[in-house]
Amino acid sequence: MIELNRTFLGRLSEQLSELIEQQSAEVFKRAGLLIPVKSSSLMGAIATLGPVSVADLVRALGRSHQLIQQKIPKLVTLGLVTRQPDPQDQRVILIAITDKGREQLALLDSLDGEFERAYAEMEQDAGPVFDGIKRAIKSLQARPLVERMDV
């Protein structure tokens with residue numbers, strides 16, 4: 001494998017994200033979770049906000065409208081959420097969690113302690129990854145790369 005330098009920080013963080021997703025998928029499978037790994041926060045937001053529009057989910061999660069729209073059909077197919085017109089405005093479709101979705105979220109919540117322990121152990125090996133990533137995001141939000149370069 002080619003050794004990446006700082007120029008490829010984005011690719012390196014992407015590689016970490018992909019690795020976490022793949023390994024979390026195995027945990028989800030073993031635990032009997034049907035929720036797609038990359039839809040976990042979306043499911044949590046739907047459950048928390050109640051019947052909710054895609055536009056409200058976009059604002060709550062800070063993700064693109066297109067991304068959220070792409071994930072909903074799979075969740076409907078899995079029986080985790082439903083789509084229904086808003087009784088107040090028929091143009092708006094509301095997404096609601098099903099009983100099966102609530103059961104799946106409860107199962108996911110039951111794994112919180114295990115994930116915490118696994119990540120704490122990883123950080124014993126690798127250092128404070130979580131805090132480092134949060135600091136890097138804040139730093140780039142405060143001062144983008146273009147302002148840090150003479151280009």
Side-chain angles (χ1 to χ4, degrees), residues 1-50 52-83 93-98 100-151:
M1 183 188 263
I2 296 173
E3 185 69 26
L4 300 176
N5 63 31
R6 287 177 194 248
T7 305
F8 299 102
L9 179 60
R11 176 62 195 122
L12 197 60
S13 63
E14 198 175 83
Q15 191 175 357
L16 175 62
S17 177
E18 290 167 358
L19 193 56
I20 290 170
E21 179 190 0
Q22 291 165 0
Q23 293 181 6
S24 294
E26 181 61 29
V27 172
F28 278 35
K29 182 179 173 184
R30 287 185 184 185
L33 275 163
L34 301 175
I35 300 169
V37 172
K38 285 192 168 186
S39 296
S40 299
S41 61
L42 176 58
M43 284 289 295
I46 294 167
T48 300
L49 299 172
V52 62
S53 71
V54 170
D56 290 334
L57 290 167
V58 167
R59 284 188 288 280
L61 295 170
R63 305 299 291 189
S64 75
H65 192 275
Q66 179 183 0
L67 179 66
I68 290 175
Q69 282 282 56
Q70 288 173 347
K71 291 181 178 200
I72 298 297
K74 172 89 176 196
L75 298 177
V76 170
T77 300
L78 291 170
L80 303 175
V81 302
T82 60
R83 287 187 291 207
I93 300 298
L94 296 178
I95 314 301
I97 193 104
T98 63
K100 182 177 180 180
R102 275 192 249 315
E103 290 168 7
Q104 285 285 299
L105 281 173
L107 182 54
L108 179 58
D109 288 345
S110 75
L111 296 174
D112 280 356
E114 289 298 318
F115 273 109
E116 277 293 323
R117 280 189 288 284
Y119 285 134
E121 184 179 316
M122 179 205 63
E123 286 193 326
Q124 285 177 341
D125 297 339
V129 176
F130 185 81
D131 291 336
I133 290 171
K134 283 176 45 177
R135 284 191 309 272
I137 290 169
K138 280 186 175 183
S139 176
L140 288 175
Q141 287 171 333
R143 189 167 169 233
L145 286 176
V146 71
E147 293 177 14
R148 297 169 189 266
M149 299 171 75
D150 294 325
V151 180

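Computed from a predicted model, the values in this text were never measured in an experiment.
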To the closest 0.5 Å, what do you measure between [atom1] ([X]) and [atom2] ([Y])?
X	Y	atom1	atom2	value
E21	K38	CD	NZ	4.0 Å
S40	L108	OG	CG	5.0 Å
I95	L57	CD1	CG	7.0 Å
I35	K74	CD1	NZ	12.5 Å
F115	I20	CZ	CD1	10.0 Å

Can you tell if the side chain of [X] reaches within under 4.5 Å of the side chain of [Y], non-hydrogen atoms only?
X	Y	value
K134	K138	no
I93	V54	no
V37	Q22	no
L42	I72	yes
K100	L34	yes
V81	M43	yes
D112	E116	no

Hey, is the main chain of I68 close enough, under 3.5 Å, to the side chain of R63 for a donor-acceptor pair?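 Side chain of R63 to backbone of I68: no pair is present.
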
Determine yes or no for a side-chain-to-main-chain donor-acceptor pair under 3.5 angstrom, with S110 supplying the side chain and L107 the backbone. yes

Taking atom [atom1] of [X] as the centre, does the number of heavy atoms from other residues, nucleotides or ligands within less than 6.0 Å exceed 12?
X	atom1	value
R30	CZ	no
Q66	CD	no
Q70	CD	yes

For [X] and [Y], which heavy atoms make the closest approach, and how far apart are they?
X	Y	result
I46	A96	CG2-C, 3.9 Å
L67	S64	N-OG, 3.0 Å
P36	L78	CD-CD1, 3.9 Å
A31	L111	CB-CD1, 3.8 Å
T98	G79	OG1-O, 2.6 Å
Q104	G32	NE2-O, 3.4 Å

Contacts of E14 that satisfy side chain to side chain donor-acceptor pair (under 3.5 Å) - sequence neighbours left out: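 Side chain to side chain donor-acceptor pair (under 3.5 Å) list for E14, sorted by chain: R11.
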
Less than 4.0 Å between a side-chain N and a carboxylate O, is that true for E121 and R117? no

